[in-house]
Amino acid sequence: MSRAVSAPFPPDRRGVASLPGPAGASHRGTGTARSGGASRAVTRTISDDPLGGTVRRTVLPSGLRVLTEAIPAMRSVSFGVWVAVGSRDETGPQAGAAHFLEHLLFKGTNKRSALEISAEIEAVGGETNAFTTKEYTCYYARVLDEDLPLAIDVMCDAVADSLLQPADVETERGVILEEIAMHDDEPGDEVHDLIARAAYGDHPLGRLISGTEETVTPMTRRQIQGFYRRHYTPPRIVVAAAGNLDHATVVKLVRQALRGTPLDTDPATPAPHRSATPAVRTKPATTLVEPKETEQAHVILGCPGIDRLDERRFALGVLNNILGGGMSSRLFQEIRERRGLAYSVYSYASQYADSGLFAVYAGCAPGKVDEVLALTRAELARVAADGLTEAEVARGKGMSKGSFVLGLEDTGSRMSRLAKGELLYGHLMPVDELLGRVDAVTVADVNTLAAELLSRPMSLAVVGPFGANDFASR
């Protein structure tokens with residue numbers, strides 16, 4: 001089974017910027033005694049959302065958090081173990097360790113072989129997978145509601161008690177090197193890594209999540225094992241589940257699954273979400289070209305954006321939709337619909353705890369690159385100078401709200417929302433409050449942000465049949 005680097009429930013790059021954020025929601029607390037009575041788990045009801053189910057949160061004595069959303073109308077459950085560690089937590093020689101570990105945790109534990117881990121879930125029609133990002137890692141399963149106890153046991157076992165056998169390290173090293181080679185054959189993906197390197201340079205945010213051949217090849221089992229035990233600790237872990245479930249039962253099953261494993265630890269306090277200070281400084285605007293004999297050129301213009309806790313993130317979501325978030329967006333209409341210069345053109349925002357990037361991508365024939373870049377720069381400058389209309393902002397807000405609500409139609413996206421709210425924001429914003437924050441965005445908010453953001457110097461990343469110096473003066 002493929003262990004994807006990218007998320008299984010991500011917003012489309014062309015779509016809405018990530019919206020969930022902190023909120024001062026009221027909580028009702030109850031205590032649950034731990035065996036022996038020495039410590040207590042604290043359970044709170046976060047919300048009874050009319051647009052969803054009842055969301056509850058329990059903090060175990062170890063500092064591990066369990067969040068669930070009960071949706072009785074569903075017959076399935078998505079269950080995930082999320083760890084607050086990603087590729088940005090690696091040193092240079094460790095580059096790729098988080099992703100390497102993600103592969104290895106499915107290779108066997110003291111209770112199960114690699115085959116048993118996958119076969120037990122597949123035998124009930126479920127699926128398992130995992131993904132690594134720059135700031136967190138997720139292991140998840142989707143099963144029928146009646147098979148949730150099995151999914152909890154299998155996934156907690158894999159995350160908590162993997163053996164990391166030397167033979168498996170060598171096997172997965174080969175798999176990862178093939179994955180890196182495959183990625184190098186996808187210029188449409190490679191150009192996104194190139195713009196990140198242009199923005200962040202040698203900082204971990206500018207590096208490949210998978211690592212490189214130079215870092216993965218010499219990486220030892222001891223290094224990976226150290227990374228595992230150093231970062232996979234209960235205070236950094238959030239367990240999330242959504243679907244037809246009972247919260248107390250989920251908590252009980254998680255505690256049972258972790259009993260006697262390295263995650264069955266002494267009492268601790270949950271780790272706070274990643275700090276936004278000190279902020280990561282982006283590099284001065286530059287041009288990076290990856291010469292490659294491709295039929296199509298892939299280009300990205302990018303500039304520093306905003307971090308994910310910035311109050312302007314709702315205005316950014318609206319701005320992104322208007323510029324390049326769909327077929328009615330300005331860039332799509334100008335470059336594809338009116339002129340037929342590119343098949344794919346869109347904008348997107350990458351937001352981290354302490355930094356961000358705003359970018360525009362286009363894929364076009366090599367001979368049309370100059371025209372596409374000129375039109376893109378002109379459109380961005382026009383929006384920065386003249387702003388957007390009230391009708392455009394209304395449409396952008398409608399896209400943000402609709403995309404978010406429609407994205408809650410399955411248990412996987414709801415599970416993901418619970419975990420991201422806890423790990424990345426420290427709170428789960430109720431759906432109605434989030435929609436209200438989008439509604440509160442004004443034309444002035446969007447235009448002020450556009451004037452600041454789109455006037456910043458832009459880096460250029462290019463993958464295609466060009467020389468390294470072909471864009472020096474463009």
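Excluded from the calculations below are hydrogen atoms, water molecules and symmetry mates; all remaining heavy atoms, backbone and side chain alike, are included.
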Note to self: Between Val318 and Ser400, is the side-chain contact (heavy atoms from CB on, under 4.5 Å) condition met? List the steps.
What the structure shows: CA-CA 6 Å; Val318 174; Ser400 290; 4.1 Å; yes
Checklist line | Pair Arg173 + Glu178: basic N to acidic O under 4.0 Å | finding: no
Check: If you look at every heavy atom in Val143 and Gly126, which pair is closest and at what distance?
Finding: CG1-CA, 4.1 Å
Next item on the list: Could you tell me whether the side chain of Asp89 reaches within less than 4.5 Å of the side chain of His231, counting heavy atoms only?
Entry: yes
Item checked: Least distance between heavy atoms, Ala240 atom then Ala419 atom -> CB-CB, 3.9 Å
Checklist line | Whether over 12 other heavy atoms sit under 6.0 Å from Lys292 NZ | finding: yes
Item checked: Donor-acceptor pair between Gln94 and Thr91 side chains, under 3.5 angstrom -> yes
Checklist line | Any side-chain donor near an acceptor of the partner, His103 and Glu179, under 3.5 Å | finding: yes
Check: Judged by atom type as modelled, is there a donor-acceptor pair below 3.5 Å linking the side chain of Thr215 to the main-chain atoms of Thr212?
Finding: yes
Checklist line | Whether Trp82 and Tyr136 hold their rings parallel, tilted or perpendicular, with breakpoints at 30° and 60° | finding: tilted
Check: Just by distance, do the side chain of Gln333 and the backbone of Met327 share a donor-acceptor pair under 3.5 Å?
Finding: yes
Check: Regarding Thr132 and Glu102, is there a side-chain donor-to-acceptor distance under 3.5 Å anywhere?
Finding: yes
Checklist line | Arg230 side-chain N/O to Gly226 backbone N/O, donor-acceptor pair under 3.5 Å | finding: yes
Next item on the list: Would you check if there is a donor-acceptor pair between the side chains of Ser210 and His183 at a distance under 3.5 Å?
Entry: no
Next item on the list: Kindly give the heavy-atom pair with the smallest separation between Val443 and Leu388, and that separation in Å.
Entry: CG1-O, 3.6 Å
Next item on the list: Decide yes or no for Leu380 and Arg377: does some side-chain heavy atom of the first lie under 4.5 Å from some side-chain heavy atom of the second?
Entry: no
Next item on the list: Would you check if Val360 and Leu323 make a side-chain contact, meaning some heavy-atom pair closer than 4.5 Å?
Entry: no
Next item on the list: Quick one: do Tyr232 and Val85 satisfy side-chain contact (heavy atoms from CB on, under 4.5 Å)? Show the steps, please.
Entry: CA-CA 8 Å; Tyr232 279 55; Val85 60; 3.7 Å; yes
Notebook entry, point to check: To the nearest 0.5 Å, how far apart are CG in Asp185 and CD in Glu190?
Noted result: 9.0 Å
Check: Is any side-chain heavy atom of Asn244 closer than 4.5 Å to a side-chain heavy atom of Ile71?
Finding: no
Notebook entry, point to check: When you look at Phe471 and Leu460, which way does the side-chain contact (heavy atoms from CB on, under 4.5 Å) test go after all the steps?
Noted result: CA-CA 9 Å; Phe471 292 83; Leu460 171 64; 3.8 Å; yes
Next item on the list: Rounded to the nearest 0.5 Å, what's the gap from CG on Leu288 to CD1 on Ile195? Could you check?
Entry: 7.5 Å
Margin query: Return the CD to CD1 distance between Glu311 and Ile306, rounded to the nearest 0.5 Å.
Written below: 9.5 Å
Notebook entry, point to check: Does atom CD of Glu213 have more than 12 heavy-atom neighbours from other groups under 6.0 Å away?
Noted result: no
Checklist line | Flag for His298-Tyr361: side-chain donor and acceptor within less than 3.5 Å | finding: yes
Notebook entry, point to check: Looking at Arg414 and Glu409, does any basic side-chain N land under 4.0 Å from a carboxylate oxygen?
Noted result: no
Margin query: Any heavy-atom pair between the side chains of Gln351 and Leu316 that's under 4.5 Å?
Written below: yes
Margin query: What I want to find out is whether Arg382 reaches Glu379 closely enough, with some N-O distance under 4.0 Å, to be called a salt bridge.
Written below: yes
Margin query: Less than 4.5 Å apart, side chain to side chain, heavy atoms only: is that true for Phe100 and Val216?
Written below: yes
Note to self: Main chain of Ala365, side chain of Gln296: is a donor-acceptor contact present, judged purely on distance under 3.5 Å?
What the structure shows: no
Note to self: Test your reading of the model: is there a side-chain donor-acceptor pair from Ser87 to the backbone of Ile209, 3.5 Å cut-off?
What the structure shows: no
Margin query: With a 3.5 Å distance limit and no angle check, can you tell me whether Asn320 reaches the backbone of Tyr348 through a side-chain donor-acceptor pair?
Written below: yes
Item checked: Polar side-chain atom of Glu334 near backbone of Leu375 as donor-acceptor pair, under 3.5 Å -> no
Margin query: Check Arg312 with Glu452, please: is the shortest side-chain N to carboxylate O separation under 4.0 Å?
Written below: yes
Notebook entry, point to check: If you draw a 6.0 Å radius around CZ in Arg75, do more than 12 non-hydrogen atoms from other residues or ligands fall strictly inside?
Noted result: no
Check: Any side-chain donor paired with an acceptor under 3.5 Å for Ser76 and Asp145?
Finding: no
Item checked: Asp307 side chain to Ser355 side chain, donor-acceptor N/O pair below 3.5 angstrom -> no
Item checked: Thr448 side chain to Asp445 backbone, donor-acceptor under 3.5 Å -> no
Next item on the list: Would you please indicate if the ring centroids of Phe79 and Tyr140 are separated by under 6.0 Å?
Entry: no
Checklist line | Taking every non-hydrogen atom, the tightest pair across Pro235 and Thr269 | finding: CB-O, 3.3 Å
Checklist line | Side-chain H-bond candidate by donor/acceptor type, Thr45 with Arg56, under 3.5 Å | finding: yes
Notebook entry, point to check: Given Ser329 and Tyr346, is the side-chain contact (heavy atoms from CB on, under 4.5 Å) satisfied, shown in steps?
Noted result: CA-CA 8 Å; Ser329 67; Tyr346 57 84; over 6 Å; no
Notebook entry, point to check: With distance as the sole test, does Arg274 use its side chain to make a donor-acceptor pair with the main-chain N or O of Ala353 at under 3.5 Å?
Noted result: no
Next item on the list: Show your reasoning for whether side-chain hydrogen bond (donor to acceptor under 3.5 Å, both in side chains) applies to His247 and Thr58.
Entry: CA-CA 9 Å; His247 179 80; Thr58 292; 2.7 Å; yes
Check: Looking at Arg88 and Asp354, does any basic side-chain N land under 4.0 Å from a carboxylate oxygen?
Finding: yes
Notebook entry, point to check: Charged N to carboxylate O below 4.0 Å: is that the case for Asp439 and Lys401?
Noted result: yes
Note to self: For the OG1 atom of Thr217 and the CG atom of Leu177, what is their distance to the nearest 0.5 Å?
What the structure shows: 4.5 Å
Check: Tell me, do Thr282 and Arg456 make a side-chain contact under 4.5 Å, heavy atoms counted?
Finding: no
Notebook entry, point to check: Just how far is it from atom CD of Gln223 to atom CG of Leu101, taken to the nearest 0.5 Å?
Noted result: 13.0 Å
Item checked: Donor-acceptor contact present, side-chain Lys134 to main-chain Leu205, <3.5 Å -> yes
Margin query: To the nearest 0.5 Å, what is the distance between CD on Glu371 and SG on Cys364?
Written below: 9.5 Å
Next item on the list: Provide the closest heavy-atom pair for Glu295 versus Pro366 in the form atom of the first, atom of the second, distance.
Entry: O-CD, 3.4 Å
Margin query: Do Phe404 and Leu435 make a side-chain contact, defined as non-hydrogen atoms from C-beta onward lying under 4.5 Å apart?
Written below: yes
Item checked: Exercise: identify the closest heavy-atom pair between Val463 and Thr294 -> O-OG1, 4.4 Å
